[in-house]
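Note sheet for the following structure.
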Amino acid sequence: MRTESRAITIVGGGLAGALLAILLARRGWSVDVFERRGDPRVEGYAGGRSINLALAERGLHALRQAGADEAVMRQAVMMRGRFVHPLQGTPGLQRYGRDDSEVIWSINRGELNIVLLQIAESHGARLHFDHRLERVDFVDHVAHFRRHDDDVAHPFESLVGADGAGSTLRAEMARVLPLGERTEWLDHGYKELEIPPDAHGGFRIEPNALHIWPRGHYMCIALPNDERTFTVTLFLPHTGPWPSFETVPDADAAQALFERDFPDALPLIPDLRKDYQANPVGNLATLYLDRWHIAGKAVLLGDAAHAMVPFHGQGMNCAFEDCVALAGHLERAPSRSAAFAGFEAQRKPDAEAIQRMALENYIEMRDKVDDAGYLLQRELELALQARHPDRFVPHYAMVSFMRIPYSQALHRSEVQRVILEDATRGLDSLDGVDWAAADAAVLAKLEPLHT
Ligand SMILES: Cc1cc2nc3c(=O)[nH]c(=O)nc-3n(C[C@H](O)[C@H](O)[C@H](O)COP(=O)(O)OP(=O)(O)OC[C@H]3O[C@@H](n4cnc5c(N)ncnc54)[C@H](O)[C@@H]3O)c2cc1C
C-alpha cells in the first residue's frame, strides 16, 4: 500500500517538465513546476536554441497520452524525407519511410512549450515562473529557488530534474551522492540562420522535407516552420582547417564559405551576413551518468539525465518517452524509491543506445547521404522489408516510426548493417543481389519483431 502522498515538484518547465506535469496532474497528482524563465505566454518564448524540432512517433505517442497531440499538430509541418543538396548533381528527396504514414514533423519549440504549459495548468499543475533552482537541502527536503532578489524555500517530497543539460538539480544531487557524470563534447558546433518566406509569403524551397547540404566533414540542414520560413543550422568543426568556426569567424568569411560550398542556399538566406555575425555558436555534447536518482528524493530525466547530440532528432522524443515511463512507474510502484529505481533501470540502456545512434547519424547525414553505396543499401533495406515485413525494418523506421526500445533498435540495426554490407559488396545495383543468401541471413539472424 502506498503511504506517501501524491505530490511532486518538477524543476524545469521546458519540454519534458511541462509534459510530465500534464501526465501526473491528469492522474490526480499535486504538481508544482519551477521554471527559471518568465512565463512565455506573457513575455514571449525566450528559447535561445533550435527554434524548431523534429517530432517523431515516440514523442507523438507521449503527446497523445497527455491529450496534447491535436493542439501541437495544428502547427506541425510534415517532413517526408531528406531533401539532399549535393555540391554537384541534382537535389532530390530521399523518403524516410514507405509512404506518408511514415513521416516526421517539424514543430516550433516555443509554441510546443506554451501548449504543454497551458494544458498542464488546465489540469491543476501550479507553474512558478522566474524561479531558478539554486540549492537543495536533501536532509530537510527543502529546495531553494531564486526569484529576482528573493530566496524562495519550497518544502518537497520528491524532486524531478527536468532542468536540461546544465541541470542544477544534478549538481546538487552529486554533492550528496556521486552520479558518475561524464560529458563528451563534440568537436563540432552549430549556428542558426534563417530562410524567410518568398515575395508572395510562400516557402522558398520544398516545404515537406528536412533539407541537407552534406559536405563530408560538415553540413547545413534546414527545417520548415509553419510561418513559411526555414530554420537553417550550419554544423562545422570548432577549430582546425577551413572551414571551422575558428577559420570562419565573421560575415565576410561566412559569405565566402556559402559562395563556395552552399551556392544554392546562399540566395535563400538574405540575412546571412547579419545572422552569422549576431548568432552564437552552440556547443554539443553527450552526457553520461552512472545513476539518475537518489532514493525517493530526486530523479533526473530528459537532457538533465542524458543529453545527446541532435543528429537523430530524438532528444526531445526520448525525453517525452522518459516522461511516460516515469509517470507509469510512479503509478505502479509501491514507493517513490522503487519507482525511480525502476525508471532508471528501464530507460538508461535505451538512453545510451539513442545517444550512440545520434553520434553515428552525424556521419551519415554529413558524409553518406549522397554516396552511391549508401543509397544502394537504403534501396536494399526497403526491398528486404517488403520481403520480410515482420523481421527486417529499416534502422530509421525503428527509431522514428516505432516505439520498440532504442536498445533493441540499436541491436537489430547492427545485425541488419552486416546483412546489407554482405549483400551489396561489389555491386552498383540490386540486380546482382544474391536474394537466397540475403533471405537466409534475415531468417537466421533476425527474430520476428513484436510491436
Ligand atoms: C540544435 C539542436 C537541435 C535539436 N533538434 C532536435 C530535434 O529535431 N528533435 C528532438 O527530438 N530533439 C532535438 N533536440 C534536443 C532537444 O532540444 C532536447 O532533447 C530537449 O529540449 C530536452 O528537453 P528537456 O525538457 O529535458 O530540457 P530543456 O528543453 O532544455 O528544458 C529545461 C528547462 O529547465 C529550465 N531550467 C534550467 N535550469 C533551471 C533551474 N536551475 N531552475 C529552474 N529551471 C531551470 C530551462 O529554462 C528550461 O525551460 C535538439 C537540440 C539541439 C541543441
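In each ligand, atom 1 is the first atom listed, and ligand 1 is the first ligand listed. Below, each value reflects all heavy atoms present in this structure, side chains not excepted, and no hydrogens, waters or symmetry copies.
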> Going through the distances and angles, do His188 and His238 end up as a side chain to side chain donor-acceptor pair (under 3.5 Å)?
Replying inline: CA-CA 5 Å; His188 293 217; His238 283 297; over 6 Å; no

>> Quick check on contacts: which atoms of ligand 1 are under 4.0 angstrom from a heavy atom of Gly12?
In response: 34 (O), 35 (C), 44 (N)

> Polar-atom distance check: Asn52 versus ligand 1, any N or O pair below 3.5 Å?
Replying inline: no

> Short list, please: which atoms of ligand 1 are under 4.0 Å from a heavy atom of Arg37?
Replying inline: 47 (O), 49 (O)

>> Counting only heavy atoms, tell me which of Asp130, Leu53, Ile354 gets closest to atom 13 (C) of ligand 1.
In response: Leu53

> How does Phe145 reach ligand 1, if at all, at less than 4.0 Å between non-hydrogen atoms: by side chain, backbone, both, or neither?
Replying inline: neither

> Does Asp261 come within less than 4.0 Å of Arg215, counting only side-chain N to carboxylate O?
Replying inline: no

> Short list, please: which atoms of ligand 1 are under 4.0 Å from a heavy atom of Phe34?
Replying inline: 43 (C), 44 (N)

>> Determine whether a donor-acceptor pair (N or O, by modelled atom type, separation under 3.5 Å) exists between the side chain of Asp198 and the backbone of Gly201.
In response: yes

> Between Phe340 and Arg336, is there a cation-pi geometry (under 6.0 Å to ring centre, at most 45° from the normal)?
Replying inline: no

> So among Leu93, Val84, Leu223, which one has a side-chain contact (heavy atoms from CB on, under 4.5 Å) with Leu210?
Replying inline: Leu223

>> Are any of the N/O atoms on Ala319, whether in the backbone or the side chain, positioned under 3.5 angstrom from an N/O atom of ligand 1?
In response: no

> Can we say Lys368 and Glu360 salt-bridge, meaning some charged N sits less than 4.0 Å from an Asp/Glu carboxylate O?
Replying inline: no

> Is Glu134 in contact with ligand 1, taking contact as a heavy-atom separation below 4.0 Å?
Replying inline: no

> Any N or O of Glu35 that comes nearer than 3.5 Å to an N or O of ligand 1?
Replying inline: yes

> Charged N to carboxylate O under 4.0 angstrom, Arg273 versus Asp252?
Replying inline: yes

> Measuring from the heavy atoms of Asn317, does anything fall under 4.0 Å of ligand 1?
Replying inline: yes

> Within a radius of less than 6.0 Å around CD of Glu414, do more than 12 heavy atoms belonging to other residues, nucleotides or ligands occur?
Replying inline: yes

>> Suppose I only count heavy atoms of Gly315 and a 4.0 Å limit; which atoms of ligand 1 are within that range?
In response: 10 (C), 11 (O), 12 (N), 15 (C), 19 (O)

> Quick one: does Met316 get an N or O within less than 3.5 Å of an N or O on ligand 1?
Replying inline: yes

>> Show me which atoms of ligand 1 lie under 4.0 Å from any heavy atom of Gly302.
In response: 26 (O)

> Mind checking whether Val11 has an N or O less than 3.5 Å away from an N or O of ligand 1?
Replying inline: no

> Per the side-chain contact (heavy atoms from CB on, under 4.5 Å) rule, which among Pro197, Pro207, Pro196 passes with Arg228?
Replying inline: Pro197

> Hey, does Ala165 come in under 3.5 Å of ligand 1, counting only N/O atoms on both sides?
Replying inline: no

> Got a salt bridge between Arg170 and Glu181, using NZ or NE/NH1/NH2 to carboxylate O under 4.0 Å?
Replying inline: yes

>> Once you restrict to heavy atoms under 4.0 Å, what part of His131 touches ligand 1? Side chain, backbone, both or neither.
In response: backbone

> Contact between Arg109 and ligand 1, counting heavy atoms under 4.0 Å?
Replying inline: yes

>> Using side-chain heavy atoms (C-beta onward) and a distance below 4.5 Å, is Arg6 in contact with Arg27?
In response: yes

> What distance do Glu121 atom CD and Ile22 atom CD1 have between them, rounded to the nearest 0.5 Å?
Replying inline: 11.5 Å

>> Within ligand 1, which atoms have a heavy atom of Asp303 less than 4.0 Å away?
In response: 18 (C), 19 (O), 20 (C), 22 (C), 26 (O)

> Does one side chain, of Glu157 or Thr9, offer a donor that lies under 3.5 Å from an acceptor on the other?
Replying inline: no

>> I want to confirm something. Looking only at heavy atoms, which of Leu20, Leu55, Asp163 is nearest to atom 37 (C) of ligand 1?
In response: Asp163

>> Using a 4.0 Å heavy-atom cut-off, which part of Pro310 comes near ligand 1: side chain, backbone, both, or neither?
In response: side chain

>> Please state which option from Ala143, Ala162, Gly161, Gly17 has its nearest heavy atom closest to atom 32 (C) of ligand 1.
In response: Ala162

> Should the proximity of Thr168 to ligand 1, defined as any heavy atom under 4.0 Å, be assigned to the side chain, the backbone, both, or neither?
Replying inline: side chain

> Regarding Arg58 and the six-membered ring of Tyr406, is the cationic atom NZ or CZ under 6.0 Å from the ring centre and inside 45° of its axis?
Replying inline: yes

> Which atoms of ligand 1 sit under 4.0 Å from any heavy atom of Gly14?
Replying inline: 31 (O), 33 (C), 49 (O)

> Hey, is Arg132 touching ligand 1 through its side chain, its backbone, both or neither, going by heavy atoms under 4.0 Å?
Replying inline: both

